[in-house]
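Have a look at the structure below, then the notes.
Residue numbers start from 1 in every chain, and the chains themselves are labelled A, B, ... in the order their sequence lines are given, proteins ahead of strands. Excluded from the calculations below are hydrogen atoms, water molecules and symmetry mates; all remaining heavy atoms, backbone and side chain alike, are included.
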Amino acid sequence: MKIEDNIETFNSLIKRSGWIWGPSPEIYGGLAGFYSYGPAGMALKNNILSIFRKELRSFGFGEVECPTVMPEIVWEASGHLERFIDPILKCKKCGSVYRADKFLKDKLPDMMIDGLSFEKMEQLIKENNLMCPECESDFGKIEEYNLMLKTKVGTDSTAFLRPETATTTYLLFNRLDQVMRRQYPLKVFQFGKAYRNEISPRQGVLRMRSFDQFELQLFISKEQEMNFDEFEDVKESKLPLLDWRLQEKNIDIPKLTSLEEAIDNKILKKPAYAYCLYIGYYLIKKLGYPENVVRFRQHSPNERAHYADDAWDLEVETEQYGWVEICGIHDRTDYDLRRHGEHSGQNFEIAMGSDPKNKEIPQILEIAYGIDRIIYTLLETNFNVEDGRINMELNTFLAPNTVAVFPLVRNKEEITNLAKKINSELQDNLISSFYDESGSIGKRYRRQDELGTPFCITIDYDSLEDQEVTIRDRDSMEQDRVPISEITNIIQERLIKSKL
RNA sequence: GCACCUGUUGUAUAGUGGUAGUAUACUGGCUUCCCAAGCCCGUGACCCGGGUUCGAAUCCCGGCAGGUGCACCA
């Protein structure tokens with residue numbers, strides 16, 4: 001098999017080495033938009049989650065988990081029922097499909113289209129004698145396409161699989177307010193599956209119908225948003241910002257801007273929101289993306305979601321799919337809590353400051369990561385081929401195996417026994433260690449390179465005499481001779497160092 | 001969802017109307033070796049369903065999936 005530094009090699013590696021498989025279920029031909037993770041991919045995911053959780057603890061976040069199925073009223077309140085339904089216009093003859101509202105906006109730029117009923121839109125099409133641009137035939141009736149997956153709970157109660165985790169977190173608001181003792185801003189996150197019935201999912205794991213989200217929420221007062229203590233600690237941090245005004249000028253190179261500068265120049269309105277950009281970037285930087293593949297891109301006002309006052313995407317540049325959104329940071333205002341207050345009859349007005357009479361519904365700032373997109377972009381941007389050697393240059397703490405242990409030869413029992421002992425000692429110290437004795441030593445090194453294993457330990461004849469082994473570094477392929485008694489310490493040190 | 005192209009072992013590919021080779025991976029053996037060595041043995045595939053045919057993986061139709069373009073992407 002030829003090993004080249006190209007995307008075909010990468011794509012087959014993803015399957016071959018057990019990172020990502022699909023579409024699932026593969027043995028039945030697969031269902032578009034659904035993928036599974038193999039052992040390597042799952043280990044990577046768990047390692048990402050583990051560093052996120054560790055970091056968020058130090059930022060003062062608590063974690064929650066909610067059901068993935070919620071009754072209809074929740075989505076009525078959140079606005080998803082209304083806004084996640086696309087009006088679809090289908091040509092009677094050739095079957096071409098258009099978004100009715102977008103189509104009308106395009107054809108009738110002077111009309112107000114937003115908020116029109118299906119009947120009104122159908123009327124407009126008739127009045128203006130609009131035809132299918134493909135084949136000049138008439139359109140059928142406008143149909144609805146719901147991006148939410150519908151299900152039944154019990155015998156006749158309609159429910160939906162959540163299209164985002166965020167909404168389910170908001171439903172816990174009054175509990176969180178109490179358990180977090182009104183120490184505003186409340187900081188909460190949730191990791192879990194969300195579901196969207198994409199019309200035609202493509203781009204593999206980047207647009208799935210069932211995917212993992214990792215969403216952070218800040219419940220905060222209006223006053224705090226503008227006057228936020230923690231902003232002071234981070235305001236000098238520089239982020240690669242591409243605001244929408246730059247994009248309008250067809251500029252696509254972000255400008256390294258300090259948050260303070262961004263506020264002063266009115267690129268960002270609220271210090272607390274700026275702080276969210278900082279957290280969003282901070283967690284991503286932990287994962288070890290290469291330089292210059294990460295940027296923040298601001299949504300233009302008409303690109304924003306129905307709940308958002310401001311929105312920036314954290315994007316990673318990939319070879320295969322261009323710039324990919326891996327995180328969205330939204331200023332959701334008080335929209336969600338106001339709506340859920342109204343629909344549930346709860347009073348979500350809270351005194352968040354020192355004056356108990358001054359009550360208001362908290363604002364929500366959201367940092368939403370797509371974990372699957374992080375996994376894909378990390379793998380693609382860390383994938384390297386040098387002189388025919390595939391090397392997955394994952395950060396040490398992210399690699400599925402932190403270390404692999406090999407006996408130089410496998411027909412010398414003293415050597416294999418010592419190797420097995422070292423392997424289990426590492427495992428006993430909670431280090432992901434993997435034992436391998438099959439094939440040649442070189443082949444074993446290459447296998448681990450493909451999995452991104454940063455360290456390989458080889459036990460040879462000399463080890464039996466001097467109680468030393470070699471540690472081989474994945475990227476430099478250099479070997480160090482170290483005492484067996486030091487191995488655990490050395491690996492642990494490097495593991496911790498990689499997390500800082 | 002539409003149009004075009006595509007679908008052969010785990011991966012990458014060759015191929016013909018008479019059921020398949022190659023590379024690599026994998027299992028076992030020899031070799032005992034520090035960067036994909038060699039030799040031997042072995043396992044393993046024609047996406048699914050229907051049709052045409054004496055006979056289909058090959059031709060036709062439908063489905064499913066992937067790629068590209070259009071549309072869609074909170």
Test of ring centre spacing under 6.0 Å for A:Tyr369 and A:Phe52: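 Here the rings of A:Phe52 and A:Tyr369 have centres that are less than 6.0 Å from each other.
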Between A:Tyr376 and A:Tyr321, ring centroids under 6.0 Å: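 Ring-ring flag for A:Tyr376/A:Tyr321: true, centres closer than 6.0 Å.
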In this structure, how many angstroms lie between the [atom2] atom of [N] and the [atom1] atom of [X], rounded?
{"X": "A:Arg389", "N": "B:A36", "atom1": "CZ", "atom2": "P", "value": "11 Å"}
{"X": "A:Tyr28", "N": "B:G49", "atom1": "OH", "atom2": "P", "value": "12 Å"}
{"X": "A:Ile14", "N": "B:A25", "atom1": "CD1", "atom2": "C1'", "value": "17 Å"}
{"X": "A:Tyr321", "N": "B:G66", "atom1": "OH", "atom2": "P", "value": "10 Å"}
{"X": "A:Asn391", "N": "B:C35", "atom1": "CG", "atom2": "P", "value": "17 Å"}
{"X": "A:Arg16", "N": "B:U9", "atom1": "CZ", "atom2": "P", "value": "15 Å"}
{"X": "A:Arg202", "N": "B:G69", "atom1": "CZ", "atom2": "P", "value": "8 Å"}
{"X": "A:Ile20", "N": "B:U11", "atom1": "CD1", "atom2": "C1'", "value": "16 Å"}

Interatomic spacing from CG in A:Leu216 to CD in A:Gln213 - rounded to 0.5 Å: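 With rounding to 0.5 Å, CG (A:Leu216) is 12.0 Å from CD (A:Gln213).
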Atom CD of A:Glu65 with >12 non-hydrogen neighbours under 6.0 angstrom: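 No, the 6.0 Å shell around CD holds no more than 12 heavy atoms from other groups.
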Axial cation check for A:Trp323 ring with A:Arg295, 6.0 Å and 45° limits: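 Geometry flag: set, cation within 6.0 Å and 45°.
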Spacing of the [atom1] atoms in [M] and [N] (rounded, Å):
{"N": "B:C2", "M": "B:U11", "atom1": "P", "result": "28 Å"}
{"N": "B:C64", "M": "B:C54", "atom1": "C1'", "result": "31 Å"}
{"N": "B:A20", "M": "B:A57", "atom1": "C1'", "result": "9 Å"}
{"N": "B:U9", "M": "B:U52", "atom1": "P", "result": "28 Å"}
{"N": "B:G21", "M": "B:C35", "atom1": "C1'", "result": "32 Å"}
{"N": "B:A23", "M": "B:C59", "atom1": "P", "result": "27 Å"}

N/O donor-acceptor pair, side chain A:Arg207 with base B:C72, under 3.5 angstrom: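 Present.
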Polar pair under 3.5 Å, donor/acceptor by atom type, side chain A:Ser200, base B:A71: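 Looking at the base of B:A71, it does pair with a donor or acceptor on the side chain of A:Ser200 (distance under 3.5 Å).
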Touch class at under 4.0 angstrom, heavy-atom based, for A:Pro23 against every strand present: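 If one applies the 4.0 Å heavy-atom cut-off, A:Pro23 turns out to touch the sugar-phosphate alone, with no base involved.
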Identity of whatever pairs with [N] - Watson-Crick or G-U, under 3.5 angstrom:
{"N": "B:G62", "value": "B:C48"}
{"N": "B:C26", "value": "B:G42"}
{"N": "B:U53", "value": "none"}
{"N": "B:G1", "value": "B:C70"}
{"N": "B:A37", "value": "none"}

Letter per nucleotide, 5' to 3', of nucleotides 27-34 of chain B [B base touched, S only sugar-phosphate touched, - untouched; heavy atoms, 4.0 Å]: -----BBB
A:Glu450 and A:Arg16, any side-chain heavy atoms less than 4.5 Å apart: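 A:Arg16 reaches A:Glu450 side chain to side chain.
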Basic-acidic side-chain contact under 4.0 Å: A:Asp212, A:Lys45: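 A salt bridge is present here (some side-chain N lies under 4.0 Å from a carboxylate O).
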Under 4.0 angstrom between A:Arg446 side-chain N/O and B:A36 OP1 or OP2: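 Looking at the OP1 and OP2 atoms of B:A36, one of them is under 4.0 Å from a side-chain N or O of A:Arg446.
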Of A:Leu147 and A:Gly204, the one whose closest RNA chain B nucleotide lies more 5':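 The residue whose closest nucleotide sits nearer the 5' end is A:Gly204.
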A:Phe406 and its ring-ring contact (aromatic ring centres under 6.0 Å, His included) partner, picked from A:Tyr445, A:Phe455, A:Tyr435: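 It is A:Tyr445; the other options fail the test.
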